[in-house]
Number of protein chains: 2
Amino acid sequence: MRIGELAKATGIDVETLRYYERVGLVQRPARQANGYRAYGQDAIERANFIRHCRTLDMGLGDIKRLLDFTSKPDADCFDVNHLLDEHLVRVRAKLKSLRTLEKQLARLRTQCDAGHRAADCGILQDLVAAAHGEACACHPSDGNSSLSKRKARE
Amino acid sequence: MRIGELAKATGIDVETLRYYERVGLVQRPARQANGYRAYGQDAIERANFIRHCRTLDMGLGDIKRLLDFTSKPDADCFDVNHLLDEHLVRVRAKLKSLRTLEKQLARLRTQCDAGHRAADCGILQDLVAAAHGEACACHPSDGNSSLSKRKARE
DNA sequence: GCTTGACCCTGAAGTCGCTAGAGGGTTTAT
DNA sequence: ATAAACCCTCTAGCGACTTCAGGGTCAAGC
Ligand SMILES: [Zn+2]
Ligand SMILES: [Zn+2]
Ligand SMILES: [Zn+2]
Ligand SMILES: [Zn+2]
């Protein structure tokens, strides 16, 4: 099987497959006499595994670790659970912040409905006022910089 | 005001401020005799505006456009509304996909609770089965590659 | 006077997960 | 024979930073 066929079979772009090979996610396949990559059927399995994990938004490093587990049947799967737990934490944190964000943006959007002068635009006024520190949680405005420190630790 | 003070006043990292200057988001400040950047009070306003918009997850290009509006009071604010609408669409799309993702991951996590052999791990088995094409929507498994084409158009 | 440490400077490279381009070679169909 | 469709490598670009290397500047304490 050539790379284009593997791409069609898995829905992964040819360039992406070559990229996965470069970073070690996909093993280097044998080559034909002309230098073309020659994949076996197992490459479809592996590529589909990667694709599925990517749709679950896992990082390539995590996917590599999971792939390694599939070839070590006697290993303890604790790390698999842990990896998934951490990923869930990340996803839930992002979900939470996106929900807040959506509310903020929806409210902001109501501040202007028709076209008028920029000076009278409720949205711009709202943004400027927030930057000024009025009723806004995003910048500390007191002396401490806990927010940036927290971000740095994440 | 030196860059470290501006950083502390706004909660934006020093390196990030220099990066914003490089990409034209923050105007180049005057310099002291020793080459240090010397900011005025207005720099705090502008930097806080940027920070606030970043917590609303706007791109630097959008923020620049908004900043430009704040100095053009007579412009029509239509583009401001439009920019916000597009951003809301993006945020809501991401929110929707994250909600689906969270459900999938939460279900997957239930497949294994205690440590055992990787070969018996319900999570790994689930992932392999999904990659195999069982009850999984992420890869087409039929002949067409509509999914990848759709993605390319987006 | 001299070192220590906290600042500041520039420019370049690394991060992640691709994506696109340049500049070729090979195969297949007409 | 020629064109389209495929394949190859190597390189650079995206966004929004972060980090590193290799310096310069300045106040305080000994
Ligand atoms: Zn799948
Ligand atoms: Zn408006
Ligand atoms: Zn704010
Ligand atoms: Zn398990």
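On a predicted model such as this, the values are computed, not experimentally measured, just so you know. Protein chains get the first letters and strands the later ones, always in sequence-line order, with residue 1 at the start of each. In what follows, every heavy atom counts, from backbone to side chain, and hydrogens, waters and symmetry copies are set aside.
Every residue was checked against the side chain to side chain donor-acceptor pair (under 3.5 Å) condition with A:Asp76, not counting sequence neighbours, and none meets it. In terms of the ring pair (Phe, Tyr, Trp, His ring centres under 6.0 Å) criterion, residue partners of B:Phe78 (sequence neighbours excluded) are, by chain and number, B:His82.
Note: CD1 (A:Ile12) to C1' (C:dC18) measures 12 Å, nearest angstrom. In this structure, CD1 of A:Ile63 is placed 13 Å from P of C:dC16, rounded to the nearest angstrom. In this entry the distance linking CD1 of A:Ile50 with P of C:dC16 reads 16 Å, nearest Å. Distance, A:Asp57 CG to C:dC18 C1': 13 Å, rounded to whole Å. Atom pair A:Asp13:CG and C:dG21:P shows a separation of 13 Å (rounding to whole Å applied). Separating the OH atom of A:Tyr19 from the P atom of D:dT11 is a distance of 17 Å, rounded to the nearest angstrom. In this structure, B:Met58 places its CE atom 12 Å from P of D:dA16, rounding to the nearest Å. Rounded to whole Å, the distance from CD on A:Glu5 to C1' on C:dT27 is 13 Å.
Contacts of residues 87-99 of chain B with DNA chain D (heavy atom under 4.0 Å): none. Within residues 21-43 of chain B, the residues that place at least one heavy atom under 4.0 Å from DNA chain D are, in residue-number order, B:Arg22, B:Asn34, B:Tyr36.
Checking B:Arg46 against B:Gln27 by side-chain atom types alone, a donor-acceptor pair falls below 3.5 Å.
Cluster annotation: B:Ile123 and B:Leu101 are assigned to the same hydrophobic cluster (Ile/Leu/Val/Met/Phe/Trp/Tyr, side-chain heavy-atom contacts under 4.5 Å, transitive). Cluster membership check: B:Tyr36 does not share its hydrophobic cluster with B:Ile44, using side-chain heavy-atom separations under 4.5 Å among Ile, Leu, Val, Met, Phe, Trp and Tyr.
The side chain to side chain donor-acceptor pair (under 3.5 Å) analysis of residues 91-102 of chain A, with sequence neighbours excluded, yields the pairs A:Arg92-B:Glu102, A:Glu102-B:Arg92. Annotation: salt bridge (Lys or Arg N to Asp or Glu O under 4.0 Å) contacts involving residues 21-33 of chain A, sequence neighbours excluded, comprise A:Glu21-A:Arg31, A:Glu21-A:Arg37.
Of the candidate nucleotides D:dT18, C:dT19, C:dC9, C:dC9 has the atom lying nearest to any side-chain atom of B:Ile3. Considering only the side chain of A:Arg2, D:dC6 comes nearest among C:dT19, D:dA16, D:dC6. Listed candidates were C:dC8, D:dC17, D:dC7. Nearest to the side chain of B:Tyr20 is D:dC17.
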Begin with the C-alpha distance, continue with both residues' side-chain angles, and end with the deciding distance and a verdict on salt bridge (charged side-chain N to carboxylate O under 4.0 Å, His left out) for A:Arg107 and A:Asp126. CA-CA 10 Å; A:Arg107 191 199 61 79; A:Asp126 192 298; 3.0 Å; yes
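OP1 and OP2 of C:dG17 both lie 4.0 Å or more from every side-chain N or O belonging to A:Thr16. Side-chain nitrogen and oxygen atoms of A:Arg18 include at least one within less than 4.0 Å of the OP1 or OP2 phosphate oxygen of D:dC8.
Between the side chain of A:Thr10 and the backbone N or O of A:Leu6 there is at least one donor-acceptor pair closer than 3.5 Å.
Nucleotides of DNA chain D nearest to B:Gly61 and B:Glu15 differ in position, and the one nearer the 5' end is that of B:Gly61.
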